[in-house]
Student: 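Mind having a look at this structure? Questions to follow.
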Amino acid sequence: MHARRLNYVLLSLWLAFGARRCNAGNNTTPNVIIMLMDDMGWGDLGTNGEPHRETQALDRMAREGMVATSLYTSAPLCSPSRAALLTGRLPLRNGFYSDTYPGRNAYTPQNIMGGIADSEVLLPELLAKRGYTNALVGKWHLGHREQYLPLRHGFHHFFGSTNCHLGPYDDKRTPNIPIFLDDQMVGRYYEEFAINRGTGESNMTQLYVKHAVDFIEKMGAKEKPFFLYWAPDATHAPTYASAGFLHTSKRGRYGAAVRELDWGVGQILDTLRRLQIHENTFVVFASDNGAALVSKVEGGSNGPFLCGKQTTFEGGMRSPGIFWWPSTIPAGTVTSQLWTQMDFFLTALDIAGFKEDDIKDHLEGKSLDGLSLLDNLKHPDVIVDRPVFLYRGDRLMAVRSGPYKIHLWTWSTPTYELEKGIDYCPGALVHNVTTPEQTNHTKHPVLFDLDTDSGERYPIRFSSPTYKKVVPELLAIVHQHEKTMDLGKPQLNWCDPAVMHWAPPGCKELKKCLPVPASNPTKCWWPH
């Protein structure tokens, strides 16, 4: 970013959020922070076995809090996963899917016509009813047209982008992605907010950290609780880091991005300690899906798990998970509880003091797929028996309950992607499991015991007593789930070049508006 433009943005942030320091005041309602990384893998954390141990702040966070070894996302890629986290509802319920191509992942590129529906109730909307001030710093990815922007859905402050930092584009056939401050564009990626595609240098993570810290410092001066959704995207390809972090990791540019995000986590937690509000703040660290394995240079690690992003194998949907709340969560603990990121919704509302009847009234009959697992946070050995449903697009691919997981369908990398050199499961081949075409196993599901085979390499034989006992039990769970599924209207079916970021709110003030092409809606193409 040009120095003059950087100074303008930092000044805007300072004026909007004023950095003030104080103690916790009289606020007794806990603050909530959700840190959601982008394409960061389970195996990228030192606490999960990354051999170079480059995540010192996160490893400290784990020592001071609780590690969740079995935290699942609700989709194997960004947009539907984030929609599920903020609504507590599977993408099939909240509309973040496409039914044009069964079993394929869909998301929100900048030509998508849909976004999060007004009928959905998001976590910040409910927290605002309890007096919370809500901020999003980082990537939104739930729609970029005006009706879908964060300030329309419960957030009071927003600094970041509605989309990922893909590009650079030519602003003629495709516009560069804008950065927003609240509901106004303040520049574009690769223009005012530079990312050097050659070196990977960018100050975006620095800005995201500063903005988060400034927001916390301002809120620390008040007697009202806050919700911060911190969602930086530096680990999504093309990966980036600031000059001080580039070339400092043994894992190249991706590792540098991880190291800078780890530093950012440390800055945020240190701010809470300095303001003496750490014991009154619940913090979650997670990722929106597993690491993308299509690039050795710009992809992370999923540890022992099979495959990666885009798939419903463990590497695609098992997320790193750390919970931190010094006054409440026992330090240095580990839980084997099956968590989904949809559980953050009810758990946060429970922490905020909502009663069950209040939540039902606000949701107006909408079904939730998450649980409140507050008891597990306080007592990691208290385990709730519950299933986890793993979808790829609109298709239920797999179900986990206890240590067991059945695959009703399998699909790894499509053949046409493999022919282009793209592989979501590089180096992994499990017969009849990592199938390059959608393969139906509903009559004879593939069964794994993840306690003894977390890598999903050794299917349990159909003839074994375990298979004969476990599979009918899991199929009964599937039947009940499908019987109660209420489908939301799919938001990700239609694309149109006219809805791209030609003229976002605020472009006139910056003289950055671009000519809008004629509308031409077509069905979106989803290859994976």
Side-chain angles (χ1 to χ4, degrees), residues 42 69-76 80-81 84 90-92 97 102-105 289-290 302 304-308 310-319 336-343 369-371 383-413 424-425 428-485:
W42 191 95
T69 59
S70 295
L71 168 62
Y72 286 88
T73 66
S74 302
S81 172
L90 282 163
L92 210 57
Y97 70 99
R104 296 190 186 185
N105 293 314
N289 45 251
N302 292 316
F305 304 127
L306 183 65
C307 300
Q310 306 290 3
T311 78
T312 52
F313 301 111
E314 293 296 286
M317 296 187 68
R318 205 187 294 204
S319 164
S336 59
Q337 169 71 52
L338 297 189
W339 277 81
T340 80
Q341 292 180 1
M342 293 178 293
D343 300 329
D369 296 290
L371 305 173
I383 304 297
V384 177
D385 185 18
R386 58 88 64 89
V388 173
F389 301 97
L390 307 179
Y391 280 83
R392 183 163 172 166
D394 62 347
R395 176 160 284 159
L396 179 60
M397 303 286 287
V399 181
R400 180 176 175 185
S401 181
Y404 296 108
K405 179 180 180 181
I406 56 169
H407 289 273
L408 303 166
W409 290 77
T410 55
W411 193 22
S412 56
T413 314
Y424 309 145
C425 307
L429 179 62
V430 182
H431 176 68
N432 205 35
V433 174
T434 53
T435 54
E437 305 294 338
Q438 295 190 49
T439 305
N440 189 341
H441 300 279
T442 52
K443 290 185 178 179
H444 300 287
V446 181
L447 175 67
F448 291 100
D449 181 344
L450 297 181
D451 278 356
T452 59
D453 178 23
S454 61
E456 297 174 282
R457 263 61 173 193
Y458 308 102
I460 294 173
R461 297 190 310 275
F462 296 160
S463 60
S464 73
T466 299
Y467 189 95
K468 293 177 180 178
K469 177 181 183 298
V470 170
V471 169
E473 294 173 351
L474 289 179
L475 288 177
I477 291 172
V478 170
H479 176 72
Q480 181 62 28
H481 172 69
E482 292 181 333
K483 190 169 75 171
T484 58
M485 174 56 67

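Since the model is a prediction, treat every value here as computed from it, not as a measurement.
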Student: Would you say OH of Tyr458 has more than 12 non-hydrogen atoms from neighbouring residues, nucleotides or ligands within 6.0 angstrom?
Tutor: no

Student: Has the side chain of Arg457 got a donor or acceptor atom that lies under 3.5 Å from a matching backbone atom of Gly455?
Tutor: yes

Student: Do Phe305 and Ser454 come close enough that some side-chain heavy atom pair is under 4.5 Å?
Tutor: yes

Student: Please report the closest heavy-atom contact between Val399 and Val478, naming both atoms and the distance.
Tutor: CG2-CG2, 3.5 Å

Student: Is the shortest heavy-atom distance from the side chain of Leu396 to the side chain of Met485 under 4.5 Å?
Tutor: no

Student: For Arg461, look at atom CZ and say whether over 12 heavy atoms of other residues, nucleotides or ligands are found less than 6.0 Å away.
Tutor: no

Student: Is the charged tip of Arg392 near the ring of Trp411: under 6.0 Å from the six-membered ring centre and within 45° of its axis?
Tutor: yes

Student: Counting only N and O atoms by type, is there a donor-acceptor contact under 3.5 Å from the side chain of Asp453 to the main-chain atoms of Phe448?
Tutor: no

Student: Determine, step by step, whether Tyr391 and Thr312 satisfy the side-chain contact (heavy atoms from CB on, under 4.5 Å) criterion, reporting the C-alpha distance in whole Å, the side-chain angles of both residues, the deciding distance to 0.1 Å, and the verdict.
Tutor: CA-CA 7 Å; Tyr391 280 83; Thr312 52; 5.9 Å; no

Student: Parallel, tilted or perpendicular: which describes the rings of Phe389 and His481, with under 30° parallel and over 60° perpendicular?
Tutor: parallel

Student: Quick one: pull up CD1 in Ile460 and NZ in Lys468 and give me the separation to the nearest 0.5 Å.
Tutor: 13.5 Å

Student: Considering non-hydrogen atoms only, spot the tightest contact between Cys425 and Thr413 and give its length.
Tutor: N-OG1, 3.9 Å

Student: What's the separation between atom OH in Tyr424 and atom OG in Ser412, rounded to the nearest 0.5 Å?
Tutor: 9.5 Å

Student: Between Glu456 and Val430, is there a side-chain heavy-atom distance shorter than 4.5 Å?
Tutor: no

Student: For Ser319 versus Gln341, what's the shortest heavy-atom pair and its separation?
Tutor: OG-NE2, 3.4 Å

Student: Between Phe313 and Pro76, is any pair of side-chain heavy atoms under 4.5 Å apart?
Tutor: no

Student: Does Thr73 offer a backbone N or O that forms a donor-acceptor pair with the side chain of Thr340 under 3.5 Å?
Tutor: no

Student: How long is the span from the NE2 atom in His441 to the CE atom in Met397, to the nearest 0.5 Å?
Tutor: 8.5 Å

Student: Given 3.5 Å as the limit, does a donor-acceptor pair link the side chain of Asn289 with the main chain of Gly316, or not?
Tutor: no

Student: Let me know which of Arg400, Glu314, Gln337 forms a side chain to side chain contact (heavy atoms under 4.5 Å, CB included) with Ser70.
Tutor: Arg400

Student: How close do His407 and Ala398 get, heavy atom to heavy atom, and via which atoms?
Tutor: ND1-CB, 3.8 Å

Student: Enter the distance from Glu437:CD to Trp409:CH2 here, rounded to the nearest 0.5 Å.
Tutor: 11.5 Å

Student: Distance check, rounded to the nearest 0.5 Å: His444 atom NE2 versus Phe462 atom CZ?
Tutor: 6.5 Å

Student: Please tell me if the side chains of Leu408 and Leu475 come closer than 4.5 Å, counting only heavy atoms from C-beta onward.
Tutor: yes

Student: Leu306 versus Val433: any side-chain heavy-atom pair under 4.5 Å?
Tutor: yes

Student: Where the side chain of Asp451 meets the backbone of Pro403, is there a donor-acceptor pair that is under 3.5 Å apart?
Tutor: no

Student: Which pair of heavy atoms, one from Leu474 and one from Ser401, lies closest together, and at what distance?
Tutor: CD2-CB, 3.4 Å

Student: One pair to check against side-chain contact (heavy atoms from CB on, under 4.5 Å): Thr311 and Met317. What are the steps and the verdict?
Tutor: CA-CA 7 Å; Thr311 78; Met317 296 187 68; over 6 Å; no

Student: Has Arg318 got a side-chain atom pairing as donor or acceptor with Asn302's backbone, closer than 3.5 angstrom?
Tutor: no

Student: A side-chain contact here means heavy atoms from C-beta on lying under 4.5 Å apart; do Leu92 and Asp394 qualify?
Tutor: yes

Student: Search all heavy atoms of Ala84 against all heavy atoms of Met342 and return the closest pair with its distance.
Tutor: O-CG, 3.5 Å

Student: Quick one: are Ser74 and Pro91 in side-chain contact, heavy atoms under 4.5 Å?
Tutor: yes

Student: In Å and rounded to the nearest 0.5 Å, what is the CG to OG distance from Asn105 to Ser81?
Tutor: 11.0 Å

